[in-house]
Amino acid sequence: MEMLVAAARTSLEDDKAEDILVLDVTGRSDVTDRLIIATGQVERQLQAMAVHVEEALEKAGMSLRRNQIQASPDWVLIDAGDLVIHLFRPEARATYALERMWGPESPAPER
């Protein structure tokens, strides 16, 4: 897992992604263990970041199927199983505020 997170993070840094945040949601989410959230300024940058992250994950040993990448002009979601990557334009990131939902200050999961 850490190797995949590192590969994705390095790829995003190389593509000048902003505000890269890695959240450990193990035990808080039934869907994934790690979330990576990052910002790109324009749709073209988001698309390039997604392609490069996919390539970086493949080099790290994870092959994604095309249907595991969902995209709109403002948000790209890459579902790599235990790692989910959200790439946002600034306005969409502020609107969805995943950091508030899943970050350290978010409410604890119900038991």
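In what follows, every heavy atom counts, from backbone to side chain, and hydrogens, waters and symmetry copies are set aside.
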(request) Give the minimum heavy-atom separation between Q47 and A71, together with the two atoms involved. (result) NE2-CB, 3.8 Å
(request) Go through the steps to decide whether L83 and D33 satisfy the test side chain to side chain contact (heavy atoms under 4.5 Å, CB included), and finish with yes or no. (result) CA-CA 6 Å; L83 171 64; D33 291 332; over 6 Å; no
(message) Looking at every non-hydrogen atom in both residues, tell me the closest pair between A60 and L4 and how far apart they are.
(response) CB-CD2, 3.8 Å
(request) Over all heavy atoms of both residues, which pair between V25 and T32 is shortest? Give the atoms and the distance, please. (result) CG2-O, 3.5 Å
(message) Less than 4.5 Å apart, side chain to side chain, heavy atoms only: is that true for K16 and Q45?
(response) yes
(request) Provide the closest heavy-atom pair for G40 versus P90 in the form atom of the first, atom of the second, distance. (result) O-CD, 3.4 Å
(request) Quick one: do E13 and R9 satisfy salt bridge (Lys or Arg N to Asp or Glu O under 4.0 Å)? Show the steps, please. (result) CA-CA 6 Å; E13 289 169 350; R9 184 180 190 106; 3.2 Å; yes
(request) Apply side chain to side chain contact (heavy atoms under 4.5 Å, CB included) to V84 and I78, showing your working. (result) CA-CA 6 Å; V84 174; I78 301 170; over 6 Å; no
(message) If we ignore hydrogens and angles and just use 3.5 Å, is the side chain of E54 paired with the main-chain N or O of A50 as donor and acceptor?
(response) no
(request) Nearest 0.5 Å please: distance from the CG atom of L87 over to the CG atom of L46. (result) 6.0 Å
(message) Between R34 and D24 (salt bridge meaning N to carboxylate O under 4.0 Å), is one present in this structure?
(response) yes
(message) Working to the nearest 0.5 angstrom, can you tell me the gap between I37 CD1 and M101 CE?
(response) 9.0 Å
(message) Taking G81's backbone N and O only, do any of them form a donor-acceptor pair with D79's side chain (distance below 3.5 Å, no angle check)?
(response) yes
(request) Could you give me the CA-CA distance, side-chain angles and deciding distance for E99 and L21, then say whether side chain to side chain contact (heavy atoms under 4.5 Å, CB included) is met? (result) CA-CA 8 Å; E99 297 93 327; L21 180 63; 3.1 Å; yes
(request) Identify the two heavy atoms, one from R93 and one from D19, that lie closest to each other, and give their separation to 0.1 Å. (result) NH1-O, 2.8 Å
(message) Measuring from atom CG of L35 to atom CD1 of I85, what distance do you get when rounded to the nearest 0.5 angstrom?
(response) 10.0 Å
(request) With rounding to the nearest 0.5 Å, note down the distance linking NE2 in H86 to OG1 in T39. (result) 12.0 Å
(message) To the closest 0.5 Å, what do you measure between CH2 (W75) and CD (E43)?
(response) 15.5 Å
(message) Between S11 (side chain only) and A7 (backbone N and O only), is there a donor and an acceptor less than 3.5 Å apart?
(response) no
(request) Look up atom CE in M3 and atom CG in L57, then write down how far apart they are to the nearest 0.5 Å. (result) 9.5 Å
